[in-house]
Each structure stands twice: as C-alpha cells, then as structure tokens.
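Heads up, the thing below is written out as structure tokens.
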Amino acid sequence: MLQAAALAGAVVRPWPNPPVGAVILDPAGREIGRGWHERAGGPHAEVAALAAAGNRARGATMVVTLEPCRHRGRTGPCTERILASGISRVVYAVADPTAAGGGAADLQRAGISVVRDDPHQAAAVLLEPWLFHLRTKRPWVTWKVAASLDGSIVRNGADTRDPQQRWITSPESRQEVHRLRAQVGAIVTSTATVLDDDPLLTARPQPPLPGRAPDPLRVVVGERSLAGTRLGAAIATGEALGLPRCPPAEVLAVLHERGVHHALLECGSRLAGAFAAAGLIDELIWFIAPVILAGPIPALSWPNGEGDLSLAHWRVTPIGVDLCVRARVQR
Ligand code: AOF
Ligand code: ZN
C-alpha cells in the first residue's frame with residue numbers, strides 16, 4: 001500500500017479526479033504491474049496496473065489506494081475490468097464515498113476476496129484533500145511560506161522583482177515548491193504580491209513529474225491594476241483567473257465549482273491573515289532559511305488583531321540549508 005500511495009504521490013495530481021495508485025502482486029508477493037491515474041478522462045489506476053500485468057493478473061492480488069469504482073463515468077467501471085482479469089484478491093485503503101463507491105461489495109459478491117487495509121496512513125494522507133472537498137464542499141487549503149528564521153518574508157530594501165534579491169530560501173526548497181504546485185488544483189495569491197514580486201506561479205519541477213494533468217489554475221484576488229505584470233497578462237488571455245477582493249470563503253467557492261480539491265496559498269501577510277482569520281487554512285508548509293532579517297513584512301498579519309494559529313502534527317525535515325515544517329492547523 002505504501003508503494004501504491006507513493007506512485008500516486010509522485011506524479012502530477014489528476015484534478016479534478018483523486019490521486020490513485022495500484023500495484024499488482026503475484027501469489028509469491030512479487031510485483032507484476034503498477035499504475036496510477038494520470039489525468040481526468042484517462043484510465044484509472046487499476047486499469048493501468050492491469051494493462052501492465054497482462055495475463056499474469058490471473059490469480060494475483062491488487063493493492064489500490066481507493067476502493068475500485070463501480071460506475072460508468074468518463075471511463076468504464078474498474079470492477080468489471082478486475083473481474084475480467086482473473087484477479088483473485090483486492091486490498092484497498094480508502095472507501096469511495098461518491099456515487100462510484102460500492103465496488104468492494106460488488107467484487108466480494110462476485111467471489112473475489114476483498115480486504116480493507118484501514119486506515120492506511122499513506123493512502124489516507126494522499127486522498128485527504130479529495131475526501132475533504134467532498135465532505136465540506138470546499139478545497140483543502142495549504143499555506144506555503146518561505147521565510148527567515150524570524151518569520152520575515154521580504155528582505156530589507158530588496159527589489160523583490162529581482163529574483164536574486166527576492167529569494168530567501170535555498171534552491172532545494174524552491175524546487176520542492178514547484179513539486180507542490182504540480183500537485184494542487186489551484187494556486188491563490190493577491191494583487192499586492194503580483195505587484196511586488198511579478199511571480200509566474202507556474203509549476204516547473206525539475207525533473208518534471210510524470211503525469212499529464214493540466215497546470216494548476218492561478219488565481220489572483222484583489223482590486224489593483226496588474227498592468228505590466230506577467231500574471232496580469234495571463235489573466236487578460238484567460239490563462240489565469242482574476243477575482244475581485246472578496247471573503248476567502250467566496251474564493252474557495254469559485255474553486256470548488258471548478259473541481260479544485262486542493263489549493264495552495266502563496267501570498268503576502270494580508271491575504272494569509274484573511275484566510276487564517278476565516279478559519280480557512282488547513283495545513284501549512286513553512287520553509288525556514290538560515291538568516292535573520294527583522295524585515296518589514298511578517299508572514300501573516302491579522303485583519304483585526306485576532307489570536308493565533310495553533311499547529312499540530314509537526315513534521316520537520318531539513319531541505320538544502322533550510323528547514324521545512326509541515327503542520328496541521330488545529331481548530
Ligand atoms: C479516478 N482515478 O484511478 C480511480 C477513480 O469520471 P471517471 O470515470 O474518471 O471516474 C472518476 C471517479 O472514479 C472518481 O471520482 C472516483 O470516485 C472513482 N475512482 N477515479 O479518477 C482512479 N480509481
Ligand atoms: Zn475506476
């Protein structure tokens with residue numbers, strides 16, 4: 001299951017569909033096929049893994065992060081493909097709460113041994129944003145920050161449009177941000193950040209992640225004119241989305257309508273503060289660079305002097321010369 005989750009976790013997210021990975025094992029436990037879901041409308045992970053295993057699937061075990069679907073959506077039901085392949089055992093981690101769910105019971109009725117590996121942490125983490133958006137009707141929000149040890153996000157006196165002056169964190173951290181961007185449905189920022197930094201906010205991981213899903217939707221919130229900026233130009237051609245200043249919940253409602261289940265917030269203090277005050281940050285990824293700036297701008301400023309963001313489930317990993325903190329916002 002770890003392997004199946006790792007497959008789906010290492011590729012571009014196929015939004016609006018869930019990230020799913022599958023591994024097929026022969027009776028001796030050797031891997032004979034693997035697959036992941038590449039893009040909406042493309043084959044499901046189970047079908048990709050069955051194609052890789054071919055005839056050897058007869059009598060084999062399929063391990064898959066999400067319960068196999070039984071519906072006829074953009075592609076056919078995986079349950080039928082699994083039955084036709086001669087697979088004799090299916091292990092899955094997360095039950096499918098949508099109308100596509102119920103495949104496990106169907107397979108069991110048809111004589112396949114079905115086991116729920118519940119709860120498998122790796123699969124649950126992978127599918128959490130998707131499950132969250134189904135439950136709450138809004139995307140899961142990850143707030144990304146790149147800051148000095150003392151929490152400044154801008155260097156004193158820096159011309160932030162010059163990347164050499166703007167960057168605080170290491171190239172390794174910045175690469176990790178590109179991988180993150182490739183795995184979300186949308187990136188949200190503010191007109192203030194666009195005017196200060198002129199960012200592109202595209203996903204450019206090196207090497208590129210496998211997968212063929214569309215690039216994340218870039219969303220800029222605010223009223224100020226973006227003339228002369230790269231994102232301003234992208235909004236004018238319809239490649240990015242501009243939204244008037246509005247409550248964060250409305251931004252997320254627009255994203256939900258577009259099928260986004262995971263949004264990355266990459267912005268300045270004020271938009272971060274608005275999301276935090278509205279209780280709309282679910283998780284943070286905070287890169288800490290080995291420098292103290294006592295700079296002019298903190299990562300977050302509360303709109304009305306609200307309290308604090310309490311964090312849980314810290315995971316701290318070194319990355320380049322920086323530290324990366326991943327944590328959940330506690331409610
Ligand atoms: C996926 N990829 O690997 C699996 C999915 O519109 P469709 O036919 O692609 O169906 C999408 C639904 O199928 C999805 O919401 C989920 O409930 C189920 N399983 N979906 O996109 C996969 N296994
Ligand atoms: Zn399916």
Side-chain angles (χ1 to χ4, degrees), residues 1-24 33-53 57 60-85 87 89-110 112 114-118 120 122-140 182-185 209-214 216 255-262:
M1 190 60 77
L2 259 181
Q3 183 64 44
L7 284 173
V11 301
V12 174
R13 288 284 194 271
W15 71 278
N17 279 8
V20 184
V23 176
I24 300 178
R34 51 167 62 184
W36 63 85
H37 184 57
E38 283 218 330
R39 64 182 167 83
H44 287 183
E46 298 93 317
V47 173
L50 285 173
T61 294
M62 173 184 284
V63 182
V64 56
T65 54
L66 179 65
E67 177 184 9
C69 70
R70 64 186 296 266
H71 78 314
R72 200 167 292 282
R74 278 165 284 210
T75 67
C78 287
T79 46
E80 286 179 11
R81 306 287 288 269
I82 291 170
L83 286 172
S85 72
I87 287 274
R89 191 161 168 261
V90 170
V91 181
Y92 73 100
V94 172
D96 188 336
T98 72
D106 281 5
L107 290 171
Q108 207 145 24
R109 268 194 297 275
I112 290 189
V114 181
V115 181
R116 174 138 186 235
D117 182 2
D118 174 38
H120 195 288
V125 166
L126 177 76
L127 282 157
E128 182 160 31
W130 182 70
L131 293 170
F132 180 88
H133 102 292
L134 291 172
R135 229 176 25 244
T136 64
K137 310 279 178 258
R138 73 155 174 92
W140 174 262
Q183 300 200 311
V184 298
L209 302 189
R212 289 180 295 149
L255 296 184
H256 181 72
E257 232 164 74
R258 292 179 173 234
V260 172
H261 36 94
H262 191 175

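We're numbering straight along the sequence, starting at 1. Numbering of ligands and ligand atoms starts at 1, following listing order.
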_Per-residue contact class, Arg72 against ligand 1 - non-hydrogen pairs under 4.0 Å_ = neither
*Between CZ of Arg138 and NE2 of His256, what distance do you get to the nearest 0.5 Å?*
11.0 Å
_Atom indices of ligand 1 within 4.0 angstrom of Asp96 heavy atoms, with elements_ = 16 (C), 17 (O), 18 (C)
*What's within reach of the Zn ion (ligand 2), meaning protein N/O/S atoms under 2.8 Å?*
His44 ND1, Cys69 SG, Cys78 SG
*Top protein contact for atom 6 (O) of ligand 1, by heavy-atom distance*: Arg74 NE, 2.9 Å
*Looking only at protein heavy atoms, identify the closest one to atom 23 (N) of ligand 1 and say how far it is in Å.*
Glu46 OE1, 3.0 Å
*So, Glu80 and Arg72, do they make that salt bridge, N to O below 4.0 Å?*
yes
*Is the shortest distance from a heavy atom of Cys78 to ligand 1 less than 4.0 Å?*
no
*asked:* With the threshold set at under 4.0 angstrom, would you say Trp36 reaches ligand 1 through any of its heavy atoms?
replied: no
*Identify the closest protein heavy atom to atom 14 (C) of ligand 1: which residue and atom is it, and at what distance?*
Pro18 CD, 3.8 Å
*Does ligand 1 have an atom that lies less than 4.0 angstrom from a heavy atom of His71?*
yes
_Under 3.5 Å: N/O of Thr75 near N/O of ligand 1_ = yes
*Could you list which atoms of ligand 1 come closer than 4.0 Å to a heavy atom of Thr98?*
17 (O)
*Which protein heavy atom lies closest to atom 2 (N) of ligand 1, and at what distance to 0.1 Å?*
His37 CG, 3.1 Å
*What is the nearest protein non-hydrogen atom to atom 21 (O) of ligand 1, stated with its residue, atom name and distance?*
Asn17 ND2, 2.7 Å
*Are side-chain N/O atoms of Asn17 and Arg39 paired as donor and acceptor at under 3.5 Å?*
no
_Contact atoms of ligand 1, heavy-atom distance to Ala100 under 4.0 Å_ = 17 (O)
_Out of all atoms in ligand 1, which are within 4.0 Å of some heavy atom of Leu66? Include the element for each._
19 (N)
*Return the residue, atom name and 0.1 Å-rounded distance of the protein heavy atom closest to atom 9 (O) of ligand 1.*
His44 NE2, 2.8 Å
*May I ask you to check if ligand 1 and Ala45 share an N or O to N or O distance below 3.5 Å?*
yes
*Describe, in one word, how the ring planes of His44 and His71 are oriented to each other, choosing from parallel (under 30°), tilted (30 to 60°) and perpendicular (over 60°).*
parallel
